[in-house]
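Okay, structure first, notes after.
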2 protein chains.
Amino acid sequence: MADGTTGGENLLFLTDEQLRKGIEAMFFAYRGFTADPDRILGELSYGRAHHRALHFINRSSGTTVNNLLSVLGVTKQSLNRVLRTLIEDGLVESRVGREDRRERHLYLTKEGADLERKLSEAQRARMRAAYRAAGPQAVAGFRQVLEAMMDESIRAQYLSIKDTRT
Amino acid sequence: MADGTTGGENLLFLTDEQLRKGIEAMFFAYRGFTADPDRILGELSYGRAHHRALHFINRSSGTTVNNLLSVLGVTKQSLNRVLRTLIEDGLVESRVGREDRRERHLYLTKEGADLERKLSEAQRARMRAAYRAAGPQAVAGFRQVLEAMMDESIRAQYLSIKDTRT
DNA sequence: CTTTTATGTCAGCCTTGTTGACTTTCCAAG
DNA sequence: CTTGGAAAGTCAACAAGGCTGACATAAAAG
């Protein structure tokens, strides 16, 4: 930013105008962020909710429904509708828990993993480009601000899950 | 970030794992970002769509419907539904254009401006806190990455609208 | 005068969120 | 063993807010 509006030279930079620009940046960037997967999902008559489920099942393979519920922050009825179609379509496998047989542990099938990869690769490509354009230092700041913007409980959850996959 | 995962010391930082964390950060942060206004809107039986309309009418007072349409990226039917209730409820005023009488120019009424302020102040408070927690340099990076993540056409639009208000 | 543009509106559909009520399964405490 | 309650699933109903398509009107443009 050559106009200095995002520069760090001034400590009294928190004008309402600055904050408004930040708010709009979040709005527009989030649209870009979801645009590529949305296009792919549209062709398959899936929605963003399916993408989110696939993402978090992939990230935390074998997670329970309750677990997924708290991460996604939706009701079980809402998640169930999405999950049911994914299971019916053979993208997700639901296995009865060994220790607690009430629980269902969720896994991606090969087909599910394929779609997840396709979706997340589209999203990663955009983020990779943005990261490259902005540079490493900007990326560090990006992550710091985003983390500070999360709800407390969510941030703890987000930070705790470092690498659940192997 | 003490773990170095968001540090800028390494130029080869674009692992899929890094990108995945960035993707999740966007997801969780956006939830936090919308949480406070959503609570206020829920009590008034308005939704996020109303907030967006109020925001952009406030930002670009006197904007036309077509203008708003392209900024928001929705269909006119979708926007019209929201706009109609805002006008009926006396939050937005629609004036016939002077030069081109087909156009409707949109303005916030006092009530509309009051609600917009209440909503955006809640959102600004969170962003202010996040900015303060992360520091000026992080904020610069945050904005840089977000801008790089927008669609080309949107970014141009976003950057062009510096200060339409006085 | 005709075409195009800006806007509004009706109808209908979809996704994805909600609440509430109910059932089934099954672990664990009494 | 019985029972309470947690986990999960299901059904119904509803709302917000996207979408498409069709159509009406007014006014600008040609």
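Chain naming here is simple, since letters A, B, ... match the order of the sequence lines and numbering starts at 1 in each.
- A/Arg81 comes within 4.0 angstrom of a base, heavy atoms only.
- OP1 or OP2 of C/dT9 sits under 4.0 Å from a side-chain N or O of B/Arg84.
- Distances were taken from every side-chain heavy atom of A/Ala49 (C-beta onward) to each of D/dA8, C/dG17, D/dC19; the shortest belongs to C/dG17.
- Of the listed nucleotides (D/dA27, C/dG8, C/dT19), D/dA27 has the atom at the smallest distance from the side chain of B/Asp100.
- Distances shorter than 4.0 Å separate some side-chain N or O of B/Thr75 from OP1 or OP2 on D/dC19.
- Judged by distance alone with a 3.5 Å cut-off, no donor-acceptor contact links the side chain of B/Arg52 to the base of D/dG17.
- Side-chain atoms of A/Gln77 and base atoms of C/dG20 include a donor and an acceptor less than 3.5 Å apart.
- The side chain of A/Asn66 places an N or O atom within less than 4.0 Å of a non-bridging phosphate oxygen (OP1 or OP2) of D/dA8.
- For B/His50, no side-chain nitrogen or oxygen approaches OP1 or OP2 of D/dA16 to under 4.0 Å.
- If you check every strand for non-hydrogen atoms under 4.0 Å, B/His105 touches nothing.
- Between A/Asn80 and the phosphate of D/dT10, there is a side-chain N or O to OP1/OP2 separation shorter than 4.0 Å.
- Using bins of under 30°, 30° to 60° and over 60° for the plane-to-plane angle, the ring pair A/Phe28/B/Tyr158 lands in the perpendicular bin.
- Closest-nucleotide positions on DNA chain C for A/Val82 and B/Ser94 were compared, and the one nearer the 5' end corresponds to B/Ser94.
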Strictly under 3.5 Å: I want the nitrogen or oxygen pairs between protein and nucleotides 2-5 of chain D, one per line.
none

